[in-house]
Every structure is written in structure tokens, then in C-alpha cells.
Amino acid sequence: MPTRPDRTFELPDTMTSLPEQRLEFSRAAWEAAAPLSSAPPDELFLRLLLDQESESTLLAARRVIAAFLGQVEPAATPADAGTIAARLRAVRDELEATIESLRGLEPDAREAVARQRAPLGLLAGCWLDVVSQPATQPSIVVNRLFAHHWLLRGEGNPRRSAHQRRRAALERMGAALPELAAADFLRRARARPLTALHGCFYLALSRLPASFLPEVVGVHCAFHALGVDELLCGTAPALTEAAVDEALAEYLALAGESDRRRLDAAVRLTIGLEREHVAVLAELGAWRSGMSLEARVAEIVARHAPLAGRQHGAVRVAGRLLSDTFTDPALDLAAFLAAFRDSGYLRAREDGPCRFIRAMKFGGPMFGIFDEREAAVFREWVATVQAGERPPIELSANAAGDAAAERWRSAIAGSAPADVVVAEAEPPDDRELFHRLVNIERFSNMLPLAAERAARCFQDAEILFTHGADGKYTDASYFDYTPQALYERAERVYWDKLVDPYRPLDAIPDRDEVIFRQTTYHLTYLIDGAWLHRTGNLGRERESDVMLAAIYADEMGHGDLRKNHITLTHLAIASMGIRLPHIRDEAFMEQAELPDHTYGFAIQQLCMCMFPDRFYNEILGYNLAIEMFGAGEVRLHEIQKLRHHGFDPCYEQAHLTIDNFSAGHTRQAADIIVSYLDGIGRTLGDAVVQEEWRRVWRGYASFAYFLEQPLLQRLAADGAVADVVI
Ligand SMILES: [Fe+2]
Ligand SMILES: [Fe+2]
């Protein structure tokens with residue numbers, strides 16, 4: 001059926017939101033997500049951060065988003081860009097005075113404030129992690145966001161990223177913290193429930209950015225325009241005011257009424273959240289500053305008591321074992337401190353410090369338990385105790401933000417967005433499966449099937465571990481890993497199979513044949529880079545993640561539409577007179593230009609990329625194979641044919657240079673594998689390296705499995721392997 005011209009896609013891509021449609025989840029996901037709605041904030045935070053692959057987490061994310069968006073009234077008339085920018089500036093000025101006073105607090109209180117802000121300051125920007133994806137490319141607004149993302153991430157140098165600059169500034173304020181994804185991050189940040197809940201909203205948004213594009217733009221612009229973290233840390237803005245204003249104006253100029261309304265609501269929500277968080281920081285700062293010495297001691301004891309376990313052995317205070325006192329859920333800290341003050345442990349001695357202080361010193365049983373500031377508080381307290389001071393011990397619990405947190409918790413618990421439906425995924429045909437994978441946020445119920453399909457292909461591809469040497473463009477035969485062996489293999493394939501065989505074509509096929517050959521590539525070109533689009537997200541900061549993110553950024557032209565490979569694909573396709581709907585549109589399921597047999601390869605790539613953690617190794621190997629194929633004989637022949645018939649060779653041309661083996665993507669892909677396996681070797685040893693390597697090489701073989709079909713058919717005909725079905 002010919003494609004209807006009114007449903008074809010043309011550049012520029014002015015998409016500002018995807019159609020609002022229902023989100024499908026399986027019954028199993030529905031049940032698994034139920035407890036998450038009432039999970040403690042810390043637990044929900046970690047789940048949203050660490051799990052980027054399961055349906056139930058995505059469903060929880062949808063509910064969290066609904067809970068937060070449900071708290072803002074829709075605007076009757078959405079504000080224009082100038083009004084929003086002015087509103088943001090006014091709120092920024094209003095917050096600045098409070099934040100300035102927080103910066104002037106005494107070191108203890110300032111550190112507490114810095115720790116409290118850290119979870120939000122360090123996750124900021126996560127909403128851009130997956131905003132660029134097959135469904136949203138090459139939208140103008142998405143590329144604007146992607147350019148910001150690239151900039152915020154230090155343009156490939158993580159040491160210059162906004163995240164690292166904030167981390168360094170927070171450390172200068174006394175808040176040295178582990179990685180965001182570390183199990184004890186929130187505990188060490190002493191995050192209040194409200195902080196964790198705010199974090200849950202931003203993390204939830206980062207999981208469904210295509211479905212909430214207007215909200216992503218609103219949150220992004222508002223968060224950066226308010227610049228709470230920069231005001232608190234005294235650092236330069238992560239994004240200039242001009243960059244934010246420009247993004248806002250551009251979005252609003254392209255968006256319709258409904259999207260402008262959604263953006264407006266997201267801006268107001270972010271203003272509300274940031275006001276609320278600054279208020280919590282102020283509440284915490286005041287609480288902390290107003291603490292008596294006794295209360296500060298009590299707070300330290302309360303923090304360490306649950307960790308003491310049986311360490312105190314037979315130590316008793318007021319006749320009771322400390323191990324019993326500290327594990328007592330009804331521990332009365334004031335009574336304990338009163339007794340401790342009068343115990344022998346604090347009594348002044350002529351031969352040196354009291355027993356308690358001595359226990360904290362080098363060689364003592366409590367050496368290293370308390371940090372310098374905590375030890376200083378104890379010393380100050382002991383001195384007052386020994387001077388005979390016995391002030392009343394009044395402890396005020398830290399309840400900063402608890403009232404607001406309770407409101408968000410109950411909103412999450414009661415969140416039931418109307419667009420969420422339970423639907424079991426029937427295995428669809430290839431066209432429908434491709435459509436659902438491109439629109440994966442709507443069809444999360446496809447994830448189990450996608451994982452299974454990807455895993456099966458990796459398994460099947462191992463055939464080439466034995467027979468792969470005869471591949472025309474690849475050699476997937478297995479070898480034991482050493483960095484040298486990998487570089488040698490890559491180099492040999494690159495030169496022997498891809499580059500050296502090249503001879504210019506003597507005869508150019510006719511126009512129709514050239515176009516047909518190109519259409520067998522187009523489906524893959526339309527999802528160029530997709531195999532990497534979910535790698536390197538928040539919490540994944542290994543060197544290999546950073547390097548993968550840099551390759552993906554190259555594929556997307558760093559947000560510059562002229563260099564974006566999806567744009568190049570559309571230009572090339574249009575130059576051949578081919579008209580297609582966008583792959584995100586339902587109409588694409590009926591396209592009649594690209595052949596059916598090319599879907600299997602594209603589907604495998606999309607299935608695999610949904611699992612950047614589970615199939616990390618395989619993605620690394622696949623990345624090497626696909627980048628390598630970007631260079632060499634096939635490309636050169638295609639360029640010659642396209643030029644001959646006056647078609648645009650821009651896509652092929654771009655890959656010739658960017659994917660080369662001297663410093664281009666092919667070389668980087670090999671370096672990434674070496675970097676990753678080096679990290680494994682240093683932490684887990686050589687035996688584990690070989691296991692991990694086997695999975696990496698399966699990824700390489702899985703690409704070859706599609707490319708080397710003639711070889712596989714020959715092997716099947718010879719009876720060397722079972723029938724090959726792709
Ligand atoms: Fe590319
Ligand atoms: Fe590439």
C-alpha cells in the first residue's frame with residue numbers, strides 16, 4: 001500500500017510532544033509496582049535510580065510523575081516565554097536572600113545544608129539522559145536539550161561536568177559524599193524524606209522523557225534558571241541565562257496551546273519544589289544552628305548508635321550494657337546522656353584525658369569511628385561536663401520538611417494516572433514490534449519479550465564463534481582476550497575485510513537498483529546510535545560509560561542538527577524521492593518503501609538497547625562491530641553509486657570519516673572494551689575478565705549474525721549448523 005503523502009515526515013522536525021496515548025503495562029508489572037507506591041522515600045529513590053530496565057519501575061515512575069503534576073493547577077492561559085523568564089528571575093531573586101543567609105551559617109550548619117542539597121544538586125539534569133531516542137529524533141527541541149546535556153556533562157570530559165563541579169563545591173562546604181548510586185549515599189547525605197521525594201520526581205521524569213517532553217523542558221529551564229545549587233555553592237551557572245531563555249523561547253514558538261500549558265505547569269511545579277526545598281534547607285540550618293551542645297552530642301550518638309552493634313562488649317553506663325541501650329528502639333537519649341555525663345568514662349583524670357576521649361584516640365577502641373568535627377564536639381562537651389556544667393538536656397527532633405514530605409507521600413500512594421492500562425503483550429509482527437520498541441515508553445509491557453529476543457539472538461550468534469572466520473565483513477571466531485589480541489583482530493578485520501578489498505566500481509547499477517540497495521539500510525540508519533542511547537545514564541559513570549556517551553553524542557551531532565546522523569538519514573532518503581512517515585508514527589507500520597526483511601536487524605538493536613545494564617557487555621561488542629562497518633568498501637561503493645545518480649551521499653560520507661580506525665569510533669569502540677575489561681580485571685581478577693569477554697564477543701557476533709547471512713546459509717546447507725532463522 002503506498003504511503004499517504006499527508007502522513008509523511010519532512011525536516012525540520014518540529015515535534016514538541018508525542019501524542020498523548022495510554023501506557024501499557026503487564027499484570028505482573030502492575031503487581032510488582034504496587035508496593036513501590038508506599039515504599040519509604042529512600043527506597044523509591046534508589047529503585048528509580050538503579051533500575052532503568054523493568055516495567056514495574058517505569059510504572060512507579062509514571063505514578064510519581066502524576067502525583068507531582070497533580071499538585072499544580074493547569075493555567076487558564078499559558079504564559080509566553082518572556083513572562084515565564086521574568087517569573088523565574090523574580091523567584092530566583094526571592095530565593096537568593098535565603099540562600100545567601102545559608103551560606104553565612106557556621107560550618108556545622110552549613111555542612112548540614114550542603115549535604116541536604118547534594119542529592120538534588122547531583123542528580124540535576126538526569127531528565128535529559130534519554131530525552132534523545134528513536135522516537136524523539138531529530139526534533140529541534142530535543143536537539144536543543146541534547147546540546148545542553150552535552151555541555152552539562154563536560155563535553156565529553158566528566159571532570160568538567162556540572163555534576164563534578166557541584167560535587168567539588170559541596171565538598172568545600174564539608175559535604176564529602178560517595179557516588180550517587182552508592183547504597184549509603186542518602187544516609188551519608190542525611191537526606192530528609194522530602195529531599196528523597198523531590199529526587200524521586202526528577203528521577204521518574206528521567207525514565208519517561210519522551211512521554212513528558214513539555215514537562216522535561218519546563219523542569220529543565222526552571223531548574224537552571226532558578227540555579228539554587230549555584231547560589232548555594234557560589235559557583236557559576238551550569239547553563240547561562242541566555243541559553244535557558246533561548247531554549248524556552250524556541251520551545252514555546254514551536255509548541256501548540258496544550259504543550260505550552262503543560263510546560264507552564266511544569267515550570268510552576270519546579271518553582272514550587274525549589275521554594276519548598278530551599279525552605280527545608282533554611283529550616284534545617286536554623287534547627288542545626290539553634291542546637292545546644294548537648295543536642296549536638298545527642299545527634300551524633302543517635303547517628304552512630306544503630307551501627308554500634310555488639311562492639312561495646314561489656315561496657316555499661318548506669319548499669320546497663322551499651323549494646324542493649326543502643327539497640328533499644330525506645331532509647332531515651334536524654335536520659336542516656338545524663339547518665340553518661342556522670343559516668344566514670346567522662347571523669348577527669350590526672351594522667352591524661354578521660355576514658356571516653358582516650359577511647360577515640362589512636363590505639364583506642366573507638367579510633368576512627370567519628371570524623372574530626374564530631375570528635376571536636378565531643379571534646380568540647382567533655383570539657384563542659386568536667387567543668388561541672390549540667391544544663392538541661394533538651395532534644396528537638398529534626399523534622400525538616402516532614403509535613404511537606406507527608407503530602408507528597410500520600411499523593412504518590414494515591415496516584416492512579418488514567419492513561420495507565422493493564423495489557424498483556426501479544427507477540428506482534430515485525431512492523432508492529434518495531435513500532436512498539438520505538439515507542440517503548442508507551443509499551444513497557446514489551447520489555448520482557450525484548451529481553452528474551454535479544455538474549456536468544458546473542459545465544460544463536462555464538463555459532464560464529466566457530467565458523468565466523470569466513471565472514472565477508474567480520475570475523476566473529478572466538479579468541480581468548482588480551483588487549484593486544486583484540487586490537488589485532490579489529491585491525492585485521494578492518495584492513496583485510498573492509499578497507500583493502502575496495503576497488504572502485506567499473507559499472508554502476510541503475511537508479512532503481514541503487515535505491516533498492518539503499519532502502520535495505522535505511523531502517524537501521526533511522527535508528528542510528530540507538531544501541532547506545534540508554535548507556536551512561538545517571539549513576540553509570542565508569543570510563544567506558546563516558547566514552548560510550550561521547551560516541552552517542554557524535555551520532556547526534558552534539559545537538560547540532562546539521563551534524564545529526566538522523567537528520568543526514570532523512571536528507572539522504574528525501575534525495576532519492578522516498579517519502580516515509582516518521583518511525584514514531586503509527587503510519588510507519590504501513591510504509592511500503594523499506595523491505596520487510598530488514599526489520600529483524602533493527603528490532604534486535606532496539607531490543608538490546610532497552611537493557612543497558614543487563615546487556616552492557618554485549619552492547620560493547622556490538623558497538624565495535626557496527627562502528628567498524630561504518631568504514632570501508634561498502635560505504636565507498638555506496639557513495640560512488642549515490643553520486644553517480646545525483647543522490648545525497650551525506651550519511652555515508654559522514655561515516656567514512658567519523659568511524660575510522662585511527663582515532664574514530666572504531667578505535668574508540670575497541671578502547672572502550674579494553675577500558676571496561678581492565679576495570680573488571682583490577683577488581684575481580686583475570687578469570688572473570690574471560691567470562692565477561694565472552695559476553696562482549698557475543699555482542700560482536702550478534703552483529704555479524706545479521707551481516708553474514710550468506711555464510712550462515714552456506715553453513716546450513718552444508719549441515720554444519722542447524723537452519724538459520726532470523
Ligand atoms: Fe552514525
Ligand atoms: Fe559511528
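Numbering of ligands and ligand atoms starts at 1, following listing order.
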| query | Which is it for Ser17 and Asp259 under the side-chain hydrogen bond (donor to acceptor under 3.5 Å, both in side chains) test, yes or no, and what are the steps along the way? | reply | CA-CA 7 Å; Ser17 69; Asp259 288 348; 2.9 Å; yes
| Sequence-distant partners of His655, ring-ring contact (aromatic ring centres under 6.0 Å, His included), two or more places apart | His565, Tyr651
| task | Test Arg579 against Glu10 for side chain to side chain contact (heavy atoms under 4.5 Å, CB included), laying out the working first. | result | CA-CA 8 Å; Arg579 296 283 176 266; Glu10 265 174 47; 4.3 Å; yes
| task | Would you please test Thr466 and Tyr478 for side-chain hydrogen bond (donor to acceptor under 3.5 Å, both in side chains) and show each step? | result | CA-CA 7 Å; Thr466 318; Tyr478 190 77; over 6 Å; no
| request: Compute the ring centroids of Phe629 and Tyr473, then answer whether they are less than 6.0 Å apart. | output: yes
| Test side chain to side chain donor-acceptor pair (under 3.5 Å) applied to Asn617 and Tyr676, Trp693, Tyr622, Trp697, the passing residue | Tyr676
| field | Minimum-distance N/O/S atom that Glu627 presents toward the Fe ion (ligand 2) | value | OE1
| Listing residue and atom name, which protein N/O/S atoms are closer to the Fe ion (ligand 1) than 2.8 Å? | Asp528 OD2, Glu555 OE1, His565 ND1, His655 NE2
